[in-house]
Amino acid sequence: MLQWGILRLYHVFALVLCVSTSEDFDWTRNDRTSFYYGTFPTGFSWGAGSSAYQTEGAWNIDGKGMSIWDAFAHKKGKILYNDTGDASCEGYYKFKDDINLMKDMKLNHYRFSISWPRLLPGGLKSEQRICEHINEKGIKYYDDLINMLLDNKITPIVTLYHWDLPQVLQDKYGGWQNVSMVNYFNDFANLCFERFGNRVKYWITFNNPWSIAVEGYETGEHAPGMRLRGTGAYRAAHHIIKAHAKVWHTYDMQWRSKQKGLVGISLTADWGEPVDISNQRDIEAAERYIQFYMGWFAAPVFHGDYPQVMKDYVGRKSGQQGLGASRLPVFSPQEKSYIKGTCDFLGLGHFTTRYVTQKNYPSGVGDSYFADRDLAELVDPQWPDPGSEWLYSVPWGFRRLLNFVKTQYGNPMIYVTENGVSEKMLCTDLCDNWRMQYYKDYINEMLKAMKDGVNVKGYTAWSLLDNFEWDEGYSERFGLFYVDFRNKNKPRYPKASVQYYKRIISSNGFPNQREVESWKRKAVETCSSSNQLLAADPLIGHMEMVTEIVVPTVCTLCILLSAIFLMFLLRGRL
C-alpha cells in the first residue's frame with residue numbers, strides 16, 4: 001500500500017489550479033479559492049455515460065459475436081466473484097426505459113459505445129458477399145437506440161471502441177499487438193459512419209487507450225489478459241494511435257462534408273501533483289507521471305510524436321538493459337505528419353489525483369512500463385475515500401488537469417466524457433450523500449477552470465446505471481441509478497444523486513448559495529420512497545429462496561428421513 005509518511009503537513013491544504021500565462025504549466029503557484037457560485041455558458045451540454053459490454057448484456061443474442069471481454073470474463077478467477085457481463089443491466093432489452101430516465105433528468109446528451117462484434121461477428125467487413133458479414137440485427141438495435149434518443153432531444157455521443165474487440169481478431173492476429181488492427185478498425189468505423197453518421201455528429205474513436213494498453217497487454221488485469229512486460233503496452237498504444245488517426249482521416253475525406261460531424265478521442269487521466277512543490281525533482285516526476293499517462297496519447301494526436309520525456313526515459317532504460325533499440329516504438333516523419341492534428345475535440349475522463357515523487361528504478365528490475373517512469377505515487381490519508389480503494393475525492397486536481405490540457409495542447413475543445421465516484425458493493429442506501437458532494441465539488445472545479453479560459457463544452461457523469469466494472473465485476477457501483485442485479489428484470493432505482501444532478505442541469509450550474517444548499521436536503525427527501533422499494537427487494541429475494549430452494553430441500557429431507565424410519569420399522573418387525 002502507499003506510504004503516507006512522505007507527505008508534508010501542508011498537503012492537507014492542497015493546491016488548486018490557476019491559469020498559467022506562460023507556455024509551460026506553472027506547478028508552483030498557489031490559488032486555493034472557495035466554492036464558486038455561478039452558471040455555465042448557454043448551450044453547455046449535460047449528459048451521462050455507459051458502454052456496450054458494461055450495460056447491454058445479450059452477449060450471444062441476435063447474431064452477436066464473442067468479444068475479448070466475453071472470453072476473459074468466462075475464465076475463472078479473472079473477475080472478482082467470477083462475475084460476467086453476460087446479462088449486466090440488460091440494456092439491450094431495456095434501452096427504451098433507460099432513455100425515459102434520461103428524458104426525466106433532462107439530459108442533453110448520452111454517451112454510449114457500439115459493440116464491434118455485435119455489428120461484425122467475424123470482426124471483418126468483407127467487400128465480397130458483404131451481407132454475410134454484417135449483423136443487421138445489431139444495426140437495428142443501434143438504429144432504434146439512436147432514433148429514440150433524437151426523438152427525445154438527447155444528442156448521441158458514440159464511442160467506437162470501448163474495449164470489446166472481437167475475440168476472433170485476438171485469436172487470429174494477437175489483437176492490438178498486430179498492426180493489421182489499424183485497417184480492420186477503420187473498416188468497422190467506416191461501417192458505423194455509413195449506417196449511423198447521418199444522425200450521429202459526435203464520434204469518439206477510443207475510450208481510455210491507456211487502460212487498453214497497460215491493463216490489457218502489460219499487467220493482464222483486463223482482456224485479453226496478456227502480460228508482455230515492457231513491450232506489450234507500448235506496441236498496443238502505437239497501433240491504437242495509428243488506428244485513431246486513420247479513422248479521423250477517413251471521416252475527414254469521405255464523410256465530413258456530408259455529415260458535418262466531429263471525431264475525437266477520450267483520454268482518462270488522474271492528476272499528478274508534486275509531493276514538494278519546491279523540489280524540482282518532484283515537479284519533474286509529477287509532469288512525467290502525466291506525460292506517461294495522458295501525454296502518451298495526447299502528444300502524438302496534438303503534436304505528432306510521443307512526449308520527449310517518454311522517449312528519453314524508455315530509450316535510456318532500454319539501453320541500460322542491453323537492447324539495441326528503445327522499447328518505445330518510433331513514428332516515421334510521414335506518420336508524425338499524418339497523426340498530428342487528428343482531433344476535433346478531446347474527450348477527457350477523470351476521477352482522482354495522486355501525489356508524485358521521484359523514485360529511481362534500477363535497470364536490473366526488468367522491463368516494465370511502471371519502472372520506466374522512475375516515480376512513486378502517494379495519497380493523502382485525509383482525502384475522502386468513498387468506496388473504491390483507488391478513488392479518492394480530490395476536486396482541485398480536476399481544475400489543475402483541465403488547465404494543464406489548455407496549456408499543453410493549445411486549449412482544445414473538451415468534452416468531459418467520464419467523471420464520477422463509486423460505492424461499496426453492499427451499500428444499498430440510495431441517499432448517496434458522498435456522490436452528491438463529489439459531483440458538486442468536481443463540477444464546480446470544472447466551472448472554475450472554464451473561468452480560467454479552458455474550453456469545456458460538455459460534462460458526462462459516469463455512469464447512468466450501476467454496471468459491470470471490468471475486473472471488479474459488480475463490486476463497484478458508479479451509477480446514478482441503482483441496479484438490482486439479483487433480480488432477473490434488473491430494475492433501476494434512482495439514487496439521491498439523480499435529483500441532485502438534475503438540479504445542477506436545470507440551473508445550468510450553481511446560481512446562488514441559498515438555492516444550492518437546499519438541493520441535497522431535497523434530493524435526500526425524494527430518495528426515501530425508492531429506499532423503501534429497494535428494501536422490499538431482499539425480502540422478495542428471500543421469499544423466492546424459501547420457495548425455490550429451502551422448501552424443496554426440506555421436503556426432500558423429510559422424504560429421506562421417512563424412508564429411513566420406515567426401513568428401521570420394517571427391520572424391527574422382521
Side-chain angles (χ1 to χ4, degrees), residues 17 20-28 209-210 213-214 218 230-242 244-245 265 267-275 277 279-321 323-343 346 348 354 356-363 367-377 400-412:
L17 181 62
S20 172
T21 57
S22 64
E23 184 178 352
D24 296 324
F25 183 79
D26 187 347
W27 294 87
T28 62
W210 183 93
V214 173
E218 169 92 13
T231 59
Y234 295 133
R235 188 180 298 115
H238 201 66
H239 297 150
I240 287 169
I241 292 165
K242 289 205 249 187
H244 160 80
I265 189 169
L267 307 180
T268 298
D270 299 342
W271 174 249
E273 181 75 5
V275 164
I277 59 170
N279 185 324
Q280 185 61 28
R281 286 162 61 86
D282 281 359
I283 291 174
E284 291 172 359
E287 179 162 10
R288 200 159 59 246
Y289 173 82
I290 299 168
Q291 295 294 0
F292 266 80
Y293 206 151
M294 179 175 64
W296 185 4
F297 302 92
V301 166
F302 287 102
H303 301 318
D305 199 4
Y306 293 120
Q308 188 62 45
V309 69
M310 281 193 77
K311 295 193 289 185
D312 292 344
Y313 269 69
V314 180
R316 184 174 67 254
K317 295 269 185 177
S318 300
Q320 292 170 350
Q321 292 154 0
L323 303 176
S326 176
R327 288 179 279 104
L328 183 69
V330 176
F331 291 117
S332 70
Q334 293 79 12
E335 288 173 334
K336 291 177 184 177
S337 177
Y338 188 75
I339 292 165
K340 183 178 181 179
T342 55
C343 197
L346 176 65
L348 188 63
R354 292 290 185 267
V356 181
T357 188
Q358 171 79 21
K359 180 180 179 181
N360 293 326
Y361 286 87
S363 58
D367 300 348
S368 167
Y369 160 84
F370 295 99
D372 286 341
R373 305 178 304 169
D374 273 352
L375 57 85
E377 304 172 38
R400 292 186 74 81
L401 179 66
L402 287 165
N403 270 275
F404 185 87
V405 170
K406 171 178 175 273
T407 302
Q408 289 279 309
Y409 308 118
N411 202 16

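The first residue of the sequence shown is numbered 1, and numbering continues consecutively from there.
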Checking His244 side chain against Cys343 main chain: does a donor-acceptor pair fall under 3.5 Å?
-> no
Just say parallel, tilted or perpendicular for the rings of Trp210 and Phe370, cut-offs at 30° and 60°.
-> perpendicular
Just by modelled atom types, is the Arg327 backbone N or O under 3.5 Å from a matching donor or acceptor in the Ser318 side chain?
-> yes
Please walk me through it: do Leu348 and Leu402 pass side chain to side chain contact (heavy atoms under 4.5 Å, CB included)?
-> CA-CA 9 Å; Leu348 188 63; Leu402 287 165; 3.6 Å; yes
Are side-chain heavy atoms of Val301 and Tyr409 found at a separation under 4.5 Å?
-> no
Is a side-chain donor or acceptor of Tyr369 paired with a backbone partner of Phe292 at a separation under 3.5 angstrom?
-> yes
May I ask you to check whether Tyr234 and Asp372 show a side-chain donor-acceptor distance below 3.5 Å?
-> yes
How far apart are the closest heavy atoms of Trp27 and Arg400, and which atoms are they?
-> O-NH2, 3.6 Å
Any side-chain heavy-atom pair from Leu346 and Phe302 closer than 4.5 angstrom?
-> yes
Step by step, work out the side chain to side chain contact (heavy atoms under 4.5 Å, CB included) result for Ile290 and Phe25.
-> CA-CA 12 Å; Ile290 299 168; Phe25 183 79; over 6 Å; no
Backbone N or O of Gly230 within a donor-acceptor pair of the Glu218 side chain at under 3.5 Å?
-> yes
Quick one: do Tyr313 and Arg288 satisfy side-chain hydrogen bond (donor to acceptor under 3.5 Å, both in side chains)? Show the steps, please.
-> CA-CA 10 Å; Tyr313 269 69; Arg288 200 159 59 246; 3.1 Å; yes
Do Met294 and Val405 come close enough that some side-chain heavy atom pair is under 4.5 Å?
-> yes
Can you run down the salt bridge (charged side-chain N to carboxylate O under 4.0 Å, His left out) pairs that involve residues 289-312, sequence neighbours left out, and say none if there aren't any?
-> Asp305-Lys311, Asp305-Lys336
Ile277 side, atom CD1; Ile283 side, atom CD1 - distance, nearest 0.5 Å = 7.5 Å
Of the non-hydrogen atoms in Leu401 and Ala269, which two are nearest, and what is the gap between them?
-> CD2-O, 3.5 Å
Minimum heavy-atom separation for Tyr361 to Asp374, with atom names?
-> N-OD1, 2.8 Å
I would like to know whether Tyr293 and Arg354 meet side chain to side chain contact (heavy atoms under 4.5 Å, CB included); could you show each step before the answer?
-> CA-CA 12 Å; Tyr293 206 151; Arg354 292 290 185 267; over 6 Å; no
Ala285 versus Thr357, closest heavy-atom pair with distance = CB-C, 3.7 Å
Check for a donor-acceptor pair, side chain of Ser337 on one end and backbone N or O of Gln334 on the other, with a separation under 3.5 Å.
-> no
Going from CD on Gln408 to CD on Glu287, what distance comes out if it is rounded to the nearest 0.5 angstrom?
-> 5.5 Å
CG of Asn411 to CG of Asn403, rounded to nearest 0.5 Å, is 9.0 Å
How close do Gln358 and Asp282 get, heavy atom to heavy atom, and via which atoms?
-> N-OD1, 3.3 Å
Please state whether the rings of Phe404 and Trp271 are parallel, tilted or perpendicular, taking 30° and 60° as the class boundaries.
-> perpendicular
For Gly272 against Val356, the heavy-atom pair lying closest together | CA-CG2, 3.9 Å
Straight-line distance of Tyr289 OH to Glu377 CD, nearest 0.5 Å | 4.5 Å
Separation of Ile240 CD1 from Phe297 CZ (nearest 0.5 Å) = 6.0 Å
Anything under 30° is parallel, anything over 60° is perpendicular, the rest tilted; go ahead and classify Phe331 against His238.
-> parallel
